[in-house]
Amino acid sequence: MQFSVLASGSTGNAIYVENDDHTFIVDAGLTGKKMEQLFAKVDRDIKKLSGIFVTHEHIDHIKGVGVLARKYHVPVYANAKTWAAMDDKVGNIPLEQRFQFDMETAQSFGSIDIESFAVSHDAADPMFYTFHENGRKLVIITDTGYVSDRMKGIIKGADSFVFESNHDVSMLQMGSYPWSTKRRILSDVGHVSNEDAAVAMSEVVEQKPTRIYLSHLSKDNNMKDLARMSVSQTLQSCGIMPGEFVSLLDTDADEPTKMVTV
């Protein structure tokens with residue numbers, strides 16, 4: 001199983017996952033044209049896409065879903081409430097391409113098992129995904145106001161994480177956003193900060209080589225270097241030394257990460 005974070009940030013999100021038999025994306029939050037460009041950058045054929053797994057209906061996660069589904073006849077998977085919430089945003093998707101993926105369930109696609117789990121975000125029924133194959137585990141968890149004990153139990157021990165590290169609290173508090181927006185981001189249905197993300201990471205990583213991709217960084221309230229430094233310092237305070245077995249890696253809003261094996 002291999003993957004690339006094609007794009008991650010306030011302006012659009014998409015994560016590519018493949019094995020020998022299937023190619024998937026989790027979310028398609030950029031235009032169809034941009035998605036095609038990102039596939040080309042990782043040298044993958046978008047025409048071979050096996051499915052799109054939607055996490056929730058916010059536009060930075062679904063902007064390209066309808067276009068890709070129609071143009072390339074790709075199946076789309078989402079839970080019932082998310083389908084209802086995004087229907088008028090993605091346009092007509094043929095019935096035979098619409099599939100329901102219920103919350104807290106698992107589905108198998110050949111040798112890959114994909115598990116959905118609930119997160120806490122201001123959307124209809126937001127959920128993210130864990131990919132399992134041959135004893136290896138990839139976790140994708142962004143867009144959550146906090147990481148609950150239940151979430152930690154599901155994601156614990158992954159070999160690779162795509163983990164939200166959305167904002168620096170001081171930057172957010174001192175920034176130009178209206179207070180209502182700040183309050184929403186800081187709430188239990190908003191986004192996790194660098195420090196809160198790192199505390200959660202410290203409770204789910206195990207003593208084995210682990211990649212953590214710092215994801216969904218706010219373009220106004222965070223910076224790559226700051227996120228990496230904050231997460232590293234917090235992990236160290238929790239007794240985990242980045243570089244020993246945990247690798248912290250950047251993601252980008254416009255450039256995909258290199259393809260890696262889970």
Side-chain angles (χ1 to χ4, degrees), residues 1-9 11-55 60-61 63-65 67-69 71-72 74-77 107-115 128-143 155 157-165 201 205-206 208-217 224 227-228 231 242-243 245-262:
M1 182 166 56
Q2 293 185 301
F3 77 100
S4 168
V5 182
L6 298 179
S8 183
T11 54
N13 299 273
I15 297 151
Y16 175 87
V17 184
E18 70 173 18
N19 72 350
D20 292 339
D21 303 312
H22 295 90
T23 63
F24 304 115
I25 51 174
V26 176
D27 292 332
L30 304 97
T31 65
K33 182 178 180 180
K34 182 64 176 176
M35 290 296 303
E36 291 168 346
Q37 293 170 350
L38 292 168
F39 266 71
K41 287 183 177 182
V42 293
D43 195 27
R44 294 301 188 270
D45 186 354
I46 198 168
K47 295 176 183 177
K48 295 181 179 180
L49 192 56
S50 306
I52 302 170
F53 295 88
V54 178
T55 62
D60 59 323
H61 293 261
K63 183 180 289 185
V65 168
V67 172
L68 297 183
K71 185 172 182 179
Y72 299 107
V74 184
V76 179
Y77 300 82
Q107 295 189 30
S108 296
F109 299 82
S111 60
I112 289 184
D113 296 324
I114 304 176
E115 178 184 8
F128 277 80
Y129 299 94
T130 298
F131 290 75
H132 304 262
E133 186 183 41
N134 297 328
R136 308 291 287 177
K137 182 175 177 179
L138 165 65
V139 162
I140 300 167
I141 178 168
T142 69
D143 297 76
I155 70 176
D159 301 280
S160 295
F161 293 90
V162 180
F163 212 118
E164 177 166 67
S165 189
M201 292 172 197
V205 296
E206 294 183 346
K208 63 179 180 180
T210 306
R211 294 188 183 96
I212 301 177
Y213 289 81
L214 304 181
S215 304
H216 213 300
L217 272 65
K224 291 178 185 178
R228 210 179 322 107
V231 169
F245 61 91
V246 172
S247 300
L248 299 178
L249 300 150
D250 295 331
T251 61
D252 194 87
D254 299 301
E255 292 294 326
T257 63
K258 69 177 183 178
M259 293 290 302
V260 296
T261 300
V262 177

Is the distance between the ring centroids of F3 and F131 less than 6.0 Å? no
Between D45 and F39, does the side-chain contact (heavy atoms from CB on, under 4.5 Å) criterion hold? Intermediate values first, please. CA-CA 7 Å; D45 186 354; F39 266 71; over 6 Å; no
Hey, are the side chains of Q2 and N19 touching, using non-hydrogen atoms and a 4.5 Å cut-off? no
If you count heavy atoms of other groups shown closer than 6.0 angstrom to CG of D43, is the number above 12? no
If you draw a 6.0 Å radius around NZ in K208, do more than 12 non-hydrogen atoms from other residues or ligands fall strictly inside? yes
Are any side-chain N or O atoms of T23 and backbone N or O atoms of K48, one a donor and one an acceptor, separated by less than 3.5 Å? yes
Just say parallel, tilted or perpendicular for the rings of F161 and F163, cut-offs at 30° and 60°. tilted
Do V54 and H61 make a side-chain contact, defined as non-hydrogen atoms from C-beta onward lying under 4.5 Å apart? no
So CG of L6 and CD of E255: to nearest 0.5 Å the spacing works out to 11.0 Å
Closest non-hydrogen contact found for F128 with T142 is CE1-O, 2.9 Å
Short question: side chain of S8, backbone of D252 - any donor-acceptor pair under 3.5 Å? no
Please give me the minimum heavy-atom distance between A28 and L68, naming the atom from each residue. CB-CD1, 4.0 Å
Are side-chain heavy atoms of K34 and D254 found at a separation under 4.5 Å? yes
Could you go through the side-chain contact (heavy atoms from CB on, under 4.5 Å) check for H132 and I112 one step at a time? CA-CA 6 Å; H132 304 262; I112 289 184; over 6 Å; no
Quick one: are I15 and I25 in side-chain contact, heavy atoms under 4.5 Å? no
What are the two closest non-hydrogen atoms of V5 and T251, and how far apart are they? CG1-CG2, 3.8 Å
Ignoring hydrogens, what is the shortest heavy-atom contact between S50 and V74? Give both atom names and the distance. C-CG1, 4.2 Å
Pairing of D159 and R136 as salt bridge, 4.0 angstrom limit: yes
Quick one: which of V231, L249, L248, V162 gives a side chain to side chain contact (heavy atoms under 4.5 Å, CB included) with I212? L248
Could you check whether any side-chain heavy atom of R228 comes within less than 4.5 Å of a side-chain heavy atom of D250, counting everything from C-beta outward? yes
M201/L214 under side-chain contact (heavy atoms from CB on, under 4.5 Å): CA gap, chis, key distance, verdict: CA-CA 11 Å; M201 292 172 197; L214 304 181; 3.7 Å; yes
About how many Å separate CD1 of I140 and NE2 of H216, when rounded to the nearest 0.5 Å? 12.5 Å
Non-hydrogen atoms of A158 and V139 that approach each other most closely: CB-CG2, 3.6 Å
Side chains of S111 and D21, donor plus acceptor under 3.5 Å: no
Minimum side-chain heavy-atom gap R44-M259 below 4.5 Å: yes
Which heavy atom of D60 sits nearest to which heavy atom of G9, and what is that distance? OD2-O, 3.9 Å
Out of the candidates K71, K41, K47, only one should pair with E36 under the side chain to side chain donor-acceptor pair (under 3.5 Å) rule; please name it. K71
Distance-only, no hydrogens or angles: does the S4 side chain make a donor-acceptor pair with backbone N or O of P256 under 3.5 Å? no
Donor-acceptor check, side chain of E164 to backbone of S215, threshold 3.5 angstrom: yes or no? no
May I ask you to decide if G29's main-chain N or O and D27's side chain share a donor-acceptor pair within less than 3.5 Å? no
Would you please indicate if the ring centroids of F109 and F53 are separated by under 6.0 Å? yes
Tell me, do Q107 and D113 make a side-chain contact under 4.5 Å, heavy atoms counted? no
Does a side-chain heavy-atom distance below 4.5 Å link Y77 with I52? no
Short question: side chain of E133, backbone of M1 - any donor-acceptor pair under 3.5 Å? yes
